[in-house]
Novice: 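Below you'll find the structure I mean.
A, B, ... follow the sequence lines: proteins, then strands. Residue 1 opens every chain. Predicted model only: the values in this text are computed from it and were never measured.
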Number of protein chains: 2
Amino acid sequence: MPVAKNIVQLQQQIRSRYDDLSKRLQQVASYVLDNNNSLAFDTIAVIATQADVPPSTLIRFAKAFEFSGFNEIKQLFRRDLIEETASYTDRARLLKEHEPEQTGRGKPLHILQQFAQVNSQAMHQLATQTSQQQLEMAVDMLSKADNIYIIGLRRSFSIATYLTYALRHAECRAFLIDGLGGMFNEQLSMVGKNDLVLSISFSPYAEETVMLSKAAAKAGAQQIIITDSQISPLAAYSDVCFVVNEGKVDEFRSQSASLCLVQSLAVALAFKQENTH
Amino acid sequence: MPVAKNIVQLQQQIRSRYDDLSKRLQQVASYVLDNNNSLAFDTIAVIATQADVPPSTLIRFAKAFEFSGFNEIKQLFRRDLIEETASYTDRARLLKEHEPEQTGRGKPLHILQQFAQVNSQAMHQLATQTSQQQLEMAVDMLSKADNIYIIGLRRSFSIATYLTYALRHAECRAFLIDGLGGMFNEQLSMVGKNDLVLSISFSPYAEETVMLSKAAAKAGAQQIIITDSQISPLAAYSDVCFVVNEGKVDEFRSQSASLCLVQSLAVALAFKQENTH
DNA sequence: TATTAAATGAAATAAATAGTTCATTTTTGT
DNA sequence: ACAAAAATGAACTATTTATTTCATTTAATA
């Protein structure tokens with residue numbers, strides 16, 4: 001019997017061997033099967049107390065399943081928790097540690113696989129960390145605004161571009177602030193009281209985006225912000241602020257989660273319009 | 001100021017005092033705000049490395065916020081994670097059991113979850129169905145081209161936009177064909193023999209994109225195509241053709257997989273340039 | 001720019017946590 | 001019921017992890 005590589009395997013092994021274990025080891029087994037969170041977080045001493053066995057029994061249990069110590073079992077549970085909820089950064093680090101030169105570092109396919117992995121993770125995080133309330137508020141604001149001005153420069157420009165396209169398809173008066181013809185100021189000055197500004201900006205935050213945010217605040221317009229950190233300079237001006245944890249490969253940040261968020265907003269808005277007309 | 005009793009309180013305190021903190025303490029602050037899971041799981045040594053500060057700074061940070069040590073902060077995040085995962089597991093179970101009206105069909109969060117889900121799958125598919133050979137050939141062609149012309153209209157415009165941005169950062173002569181000022185024909189006619197055209201087009205295929213493809217073929221330029229079907233009208237002209245299977249929610253197609261592909265190409269190219277110079 | 005205070009980081013120390021040992025108890029087979 | 005073997009638990013040791021210290025650097029003040 002090989003040593004278990006993840007929780008599911010371990011649980012299977014425990015169940016299949018349960019009847020052959022000694023009394024104390026059964027106690028441990030049943031605790032291990034029922035208390036995932038405790039295993040991930042508590043110390044051996046605490047776990048031993050909870051399971052009502054001496055600490056050494058835990059180590060014996062681990063060794064009975066071919067581990068070098070109980071800590072390896074705890075690691076298993078930790079990693080599982082991380083995979084369920086973790087920020088992609090944690091994930092990526094784990095990947096790098098556990099998956100050395102498989103596809104070949106720097107090779108295109110390897111890069112693609114890393115991005116795919118990291119994006120997939122970021123998607124999950126986005127879905128779990130975004131609240132219904134934020135979303136509904138944002139959609140509501142979008143649906144009530146006279147005009148919607150969208151700004152996102154440099155890296156964020158493509159996201160802004162897409163959102164503008166999508167909102168137009170939801171029959172919104174959406175305008176992309178692109179600075180075309182050097183007309184940033186002219187475009188910025190259009191924002192009025194019943195309008196809404198949606199800014200997308202990641203570190204390093206573009207000057208113009210921050211300026212628009214200020215201008216919008218002054219004009220009394222509502223604001224939705226999509227950014228990458230709680231302490232983003234934009235967060236201060238926002239009515240609704242989405243902090244998106246994008247994945248990255250080496251130093252290259254992905255965009256996928258932001259794109260997903262933006263598209264979800266547009267589609268949710270489309271649904272809403274449909275139901276109210 | 002009383003000591004924070006939970007994550008939300010702590011985050012508020014950090015944000016409000018951020019500007020008054022020293023440089024290193026700000027580094028820690030920003031890491032603490034953005035890496036919940038790392039804080040729950042990693043040791044001080046690991047966190048210090050990730051935040052790029054010495055361990056002692058973490059303890060100083062904790063003390064600046066009235067904790068007795070950094071471990072108290074870690075406890076805060078652990079407790080929060082336990083609560084969060086418990087409720088997430090519950091929610092996930094409920095979702096599966098009551099599929100229909102639980103999160104609410106058409107509700108923003110439900111839409112976001114669906115998109116996150118299908119995108120995550122699409123990522124996986126992309127990573128497994130794309131071949132090393134295609135990718136390497138594409139990267140090679142990109143690195144050798146005199147000029148790179150990129151076209152993608154309507155829905156694909158944002159992807160084209162992003163690729164242009166990314167290639168410019170990899171020090172490529174990349175040009176976005178955007179039809180600005182009604183100059184499609186003028187832009188198209190620039191394509192020469194040693195140039196490369198990268199077209200992105202999904203059904204329904206934009207006329208201009210197909211035209212460019214033909215023009216490029218006539219001019220003897222190389223072509224990379226990103227599309228959604230083997231029988232796309234573009235596939236015929238391509239030297240390398242990526243068929244991307246995007247996810248969709250109801251009738252709304254996602255874009256994330258294409259974005260991921262495009263970014264991987266750009267990063268792979270950047271790596272290649274770096275290694276050859 | 002000289003002086004002092006604040007911030008920083010490397011290395012040492014303290015605390016905690018995990019794992020080992022061995023004497024004792026319990027079980028098993030005859 | 002009696003070895004012999006297996007299981008058990010208390011106390012000990014080793015290891016890892018958190019915290020403190022202090023010499024050095026950086027920034028502020030006069």
Side-chain angles (χ1 to χ4, degrees), chain A residues 1 3-4 10 13-14 17-32 35-79 81-82 90 93-94 97, chain B residues 3-4 10 14 17-32 35-79 81-82:
Chain A
M1 178 192 59
V3 54
L10 176 60
Q13 291 184 14
I14 294 175
R17 291 181 49 188
Y18 186 85
D19 291 331
D20 304 328
L21 296 173
S22 76
K23 192 156 134 265
R24 285 278 122 116
L25 258 32
Q26 287 188 351
Q27 263 177 262
V28 177
S30 101
Y31 188 86
V32 169
N35 296 74
N36 300 17
N37 282 337
S38 161
L39 288 163
F41 288 112
D42 294 334
T43 68
I44 297 224
V46 172
I47 296 170
T49 307
Q50 307 252 323
D52 194 27
V53 295
S56 44
T57 301
L58 295 187
I59 283 93
R60 285 200 192 98
F61 177 85
K63 296 201 165 166
F65 286 88
E66 316 282 326
F67 294 98
S68 83
F70 197 79
N71 222 15
E72 291 193 3
I73 289 183
K74 288 184 52 177
Q75 287 308 120
L76 237 48
F77 281 84
R78 284 197 188 168
R79 212 169 327 134
L81 246 197
I82 288 176
D90 297 323
R93 207 188 64 242
L94 287 180
E97 281 169 7
Chain B
V3 56
L10 176 60
I14 294 176
R17 291 183 48 190
Y18 186 84
D19 291 330
D20 303 327
L21 296 173
S22 75
K23 196 157 127 261
R24 285 278 120 113
L25 256 33
Q26 287 188 351
Q27 261 175 264
V28 176
S30 139
Y31 188 88
V32 169
N35 294 74
N36 301 13
N37 292 314
S38 160
L39 288 164
F41 285 113
D42 294 334
T43 66
I44 297 227
V46 172
I47 296 170
T49 307
Q50 306 253 328
D52 194 26
V53 296
S56 44
T57 301
L58 295 187
I59 282 92
R60 282 197 196 101
F61 177 86
K63 296 200 163 165
F65 287 86
E66 315 283 326
F67 294 97
S68 82
F70 196 80
N71 223 16
E72 290 194 2
I73 290 184
K74 286 184 54 177
Q75 286 310 118
L76 238 49
F77 281 84
R78 285 196 186 171
R79 232 182 306 137
L81 188 54
I82 289 176

Novice: Which atom pair, heavy atoms only, marks the closest approach of B:Ala48 to B:Pro54?
Specialist: CB-C, 4.1 Å
Novice: May I have the distance from A:Asp42 (atom CG) to C:dA16 (atom P), rounded to whole angstrom?
Specialist: 16 Å
Novice: Using atom CG of B:Leu58 as one end and atom P of C:dG9 as the other, report the distance to the nearest whole Å.
Specialist: 11 Å
Novice: Please name the pair of heavy atoms, one in B:Gln27 and one in B:Val53, separated by the smallest distance, quoted to 0.1 Å.
Specialist: NE2-CG1, 3.6 Å
Novice: With nearest nucleotides of DNA chain D determined for B:Asn71 and B:Lys23 from heavy-atom distances, which residue corresponds to the more 5′ nucleotide?
Specialist: B:Asn71
Novice: For the base of C:dA16, is there a side-chain donor-acceptor partner from A:Thr43 under 3.5 Å away?
Specialist: no
Novice: Over the length of the helix from C:dT1-D:dA30 to C:dT30-D:dA1, how much do the five-pair end axes diverge, rounded to 10 degrees?
Specialist: 30°
Novice: Evaluate B:Phe77 against B:Val32 for side-chain contact (heavy atoms from CB on, under 4.5 Å), listing each step before the verdict.
Specialist: CA-CA 10 Å; B:Phe77 281 84; B:Val32 169; 3.9 Å; yes
Novice: Indicate the atoms forming the closest heavy-atom contact of B:Leu21 with B:Ala29, along with that distance.
Specialist: CD1-CB, 4.0 Å
Novice: Closest-nucleotide mapping onto DNA chain C: is A:Arg60 or B:Leu25 further toward the 5' terminus? I mean the 5' end.
Specialist: B:Leu25
Novice: Donor-acceptor pair, distance only, cut-off 3.5 Å: does the side chain of A:Arg60 make one with the backbone of A:Arg24?
Specialist: no
Novice: Could you state the CG-P distance from A:Leu21 to C:dT26, rounded to the nearest angstrom?
Specialist: 20 Å
Novice: Please state how far atom NZ in A:Lys63 lies from atom C1' in C:dA18, giving the value in whole angstrom units.
Specialist: 10 Å
Novice: Nucleotide range of DNA chain D contacted by chain A, 5' to 3', under 4.0 Å to a heavy atom?
Specialist: D:dA7 to D:dA10
Novice: Under 4.0 angstrom, heavy atoms only, what part of the nucleic acid is B:Ile59 near: base, sugar-phosphate, or nothing?
Specialist: base
Novice: Any idea which heavy atoms bring B:Lys74 and B:Ile47 closest together, and the distance?
Specialist: CD-CD1, 4.4 Å
Novice: Looking only at non-hydrogen atoms, find the nearest pair between A:Leu58 and A:Phe70 and report the distance.
Specialist: O-CD1, 3.2 Å
Novice: With side chains defined as the heavy atoms from C-beta onward, is the minimum distance between A:Ile14 and A:Arg17 less than 4.5 Å?
Specialist: no
Novice: So B:Leu10 and B:Phe67, do their side chains get closer than 4.5 Å, heavy atoms only?
Specialist: yes
Novice: With respect to the phosphate group of C:dT17, does any side-chain polar atom (N or O) of A:Lys74 fall under 4.0 Å of OP1 or OP2?
Specialist: no
Novice: Within the 4.0 Å heavy-atom criterion, would you say A:Ser22 contacts the bases, only the backbone, or no part of the nucleic acid?
Specialist: sugar-phosphate
